[in-house]
Amino acid sequence: MNQFHKKIIKVFTTALLCSSIWSATAYAYNAVQTVHIGLSGIGSSISLSNKIITIGAEENGSYISAGTLKSEKGFTFASGNGTYAAVSLYYDSYDAAKQKSDTISNALPAYTGGGKWQIYVSGTTGDQLRQKTGLACENVSSTANMILIQSGGKTIALTNIITPQFGAADNDDETITINNKQYRGKIQPTRVNGGNIVPVNAVNIEHYLYGVLPGEMSPSFATEALKAQAVASRTYALKKIDMKAHNKSGYDLCDGTHCQSYKGKSSEFDATNAAVDATKGLVMYYQGEPIESVFFASSGGYTENSEDIWTAPLPYLKAVPDVYEVDTNTWTKKFTAAQLTNLTSSKGDNIGQVTDLVLSKIAQGGRVQELKIVGTSGTKVLTKDQVRTYFSSLNGTFPSKMFTINGRSSGSKTSVTMAAPSSSPLTSVGTNILPNISTFPDNANVAAEDSIADSYVIGSDSIVVAPAQTEILPNTTNTTNITSTAPTNTQQRTVTVTAASSGGISTSDGSGTFVIEGKGNGHGAGMSQKGANGMAAQGYDFLTILHHYYTGVTIQ
């Protein structure tokens with residue numbers, strides 16, 4: 001047995017071991033319950049179809065309500081500015097503030113926080129208003145965060161705090177309709193430093209996941225695969241929030257693939273909602289912190305080490321065999337040497353007439369890490385994701401970096417067989433899954449700055465086709481009593497991969513044509529969604545699936 005074969009078997013054995021090893025440690029990490037999602041495709045013009053809405057704000061970790069607003073014409077929001085004075089009195093409701101404001105010219109009820117209302121008057125100062133009304137008044141020092149609440153083209157109120165929230169008060173499922181799109185939770189029109197209004201959806205993290213899963217994994221996938229995706233998506237969201245990726249924009253997460261695709265209530269399916277409910281609160285941790293649980297569409301038979309795709313070597317993102325989706329998602333690209341010559345010239349890479357493509361470095365899972373375009377007067381070296389994207393104007397971006405050119409690749413071939421892992425039932429107390437064995441493999445520390453989440457978009461690798469909506473009974477799994485057992489009737493399958501190598505393999509066959517034949521779709525680190533679905537079809541539960549793809553993690 002060669003050294004690579006021994007190494008790959010060791011990695012694979014560790015992956016199997018992890019599926020039956022769990023940490024009893026109860027981490028002190030406090031997961032957020034409400035997440036704030038910046039909504040794209042809406043713009044600063046926000047319209048609510050709801051006839052009755054609540055108004056309030058999150059203050060010091062709690063939501064404080066200021067009552068409701070009613071209008072048969074719905075509501076819109078606009079940025080406010082100009083000079084205002086405020087009456088130095090506070091009212092317990094909008095109606096009480098409105099009754100008084102109706103007696104003062106240019107006055108409006110103003111929600112200013114703490115569940116209380118004031119009266120704001122435009123175009124005047126505190127002294128002028130005091131002389132006019134005889135009331136105690138003050139200048140409004142800043143209107144940078146002011147938002148006008150309008151209905152039927154008329155401003156009916158305003159708010160001068162940075163995080164006002166408006167929710168549904170006229171239906172049972174707390175759905176708010178924003179520009180004809182339905183969302184759970186509340187809408188939070190947000191202005192940062194006087195900028196345009198940003199539509200932010202403040203929503204419970206579990207309800208956020210309802211709107212995420214159908215955009216990241218097909219609802220037609222097996223139940224255990226959907227559960228694995230739910231845990232991976234929940235974990236990734238929490239990690240992204242910890243990284244404060246969008247704080248300067250006034251929200252926690254975006255609704256695109258930079259974070260995760262989120263389409264709100266309109267995109268939900270019973271199957272994906274049930275997967276979220278069945279895994280409620282479960283998160284993957286490494287040394288007490290949520291992991292960067294990246295995922296992708298299809299591995300082509302093997303995943304990859306994170307450092308071989310990006311830069312940071314993360315101990316829980318290790319190359320593992322992925323035999324239950326091998327030989328799927330194959331693809332082909334074809335270029336001539338003349339086309340490549342024109343391409344390199346157009347990009348300013350003056351290497352003369354292209355004569356060869358050389359595979360100069362292959363990663364452990366079989367993906368090309370370095371590709372050289374050889375010309376008559378120079379060489380262009382492609383590394384990392386350039387290998388996928390450099391040729392996009394000719395024949396589209398490569399779906400993955402696992403490919404051969406004219407049938408050639410680098411390194412020896414190694415076969416790995418994956419059978420059903422042996423695992424004992426696992427029990428849990430509360431939400432902490434406890435092991436029958438309490439020892440973990442030695443794992444390296446992860447530096448806080450070692451992050452790959454901003455280096456590659458996750459989720460965009462998938463092309464999700466949602467099935468017709470069907471009635472599915474809710475999954476009533478109690479996540480405080482989860483068990484994991486070995487699957488039955490599992491097929492053994494073998495995957496053959498290219499050994500990691502560094503060298504120079506010429507792919508020119510003298511024809512002047514280069515045929516690129518690849519497998520898989522996506523970056524290759526973390527969980528393969530098609531592989532997870534294949535494992536689920538063979539009887540593996542979501543816990544085993546996650547431990548296969550994410551090395552040495554704790555799920556609790």
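No experiment lies behind these values; they were computed from the predicted model shown. For the numbers below, each heavy atom of this structure counts, side chains included, while hydrogens, waters and symmetry mates do not.
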Peer 1: Any donor and acceptor pair, going by atom type alone, linking the side chain of R191 with main-chain N or O of I197 inside 3.5 Å?
Peer 2: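 No, the answer is negative, given that no donor and acceptor are paired below the 3.5 Å cut-off.
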Peer 1: Mind listing the closest non-hydrogen atom pair of G185 and I176 along with its distance?
Peer 2: O-CG2, 4.0 Å
Peer 1: If only side-chain N and O atoms count, and only distance matters, is there a donor-acceptor pair under 3.5 Å linking S400 with N521?
Peer 2: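 Note: N521 and S400 side chains miss the donor-acceptor criterion.
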Peer 1: Could you check whether Y540 and Y324 have their ring centres less than 6.0 Å apart?
Peer 2: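 Yes; Y540 has its ring centre under 6.0 Å from that of Y324.
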Peer 1: Please verify the inter-ring angle class for F391 with F398; under 30° counts as parallel, over 60° as perpendicular, anything in between as tilted.
Peer 2: parallel
Peer 1: Does a side chain donor of either Q364 or E304 reach within less than 3.5 Å of an acceptor in the other side chain?
Peer 2: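 No donor-acceptor contact under 3.5 Å links the two side chains.
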Peer 1: Inspect the contact between K239 and E289 and indicate whether a charged nitrogen and a carboxylate oxygen are less than 4.0 angstrom apart.
Peer 2: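 Salt bridge between E289 and K239, a charged N being under 4.0 Å from a carboxylate O: no.
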Peer 1: Within the 4.5 Å heavy-atom criterion, are F542 and Q229 side-chain neighbours or not?
Peer 2: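 No, too far: nothing below the 4.5 Å cut-off.
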Peer 1: Let me have the donor-acceptor pairs involving side chains of residues 241-250, under 3.5 Å, with sequence neighbours excluded, atom names and distances please.
Peer 2:
unit_1: D242; atom_1: OD1; unit_2: Y29; atom_2: OH; d: 3.1
unit_1: D242; atom_1: OD2; unit_2: Y29; atom_2: OH; d: 2.9
unit_1: H246; atom_1: NE2; unit_2: H258; atom_2: ND1; d: 3.2

Peer 1: Taking ring pair (Phe, Tyr, Trp, His ring centres under 6.0 Å) as the test, write out the residues that go with F166, two or more places apart.
Peer 2: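 Here the qualifying residues are F77.
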Peer 1: Is the shortest side-chain heavy-atom distance between T383 and Q369 below 4.5 Å?
Peer 2: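 Answer no - side chains too far apart.
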Peer 1: So, E268 and K265, do they make that salt bridge, N to O below 4.0 Å?
Peer 2: no
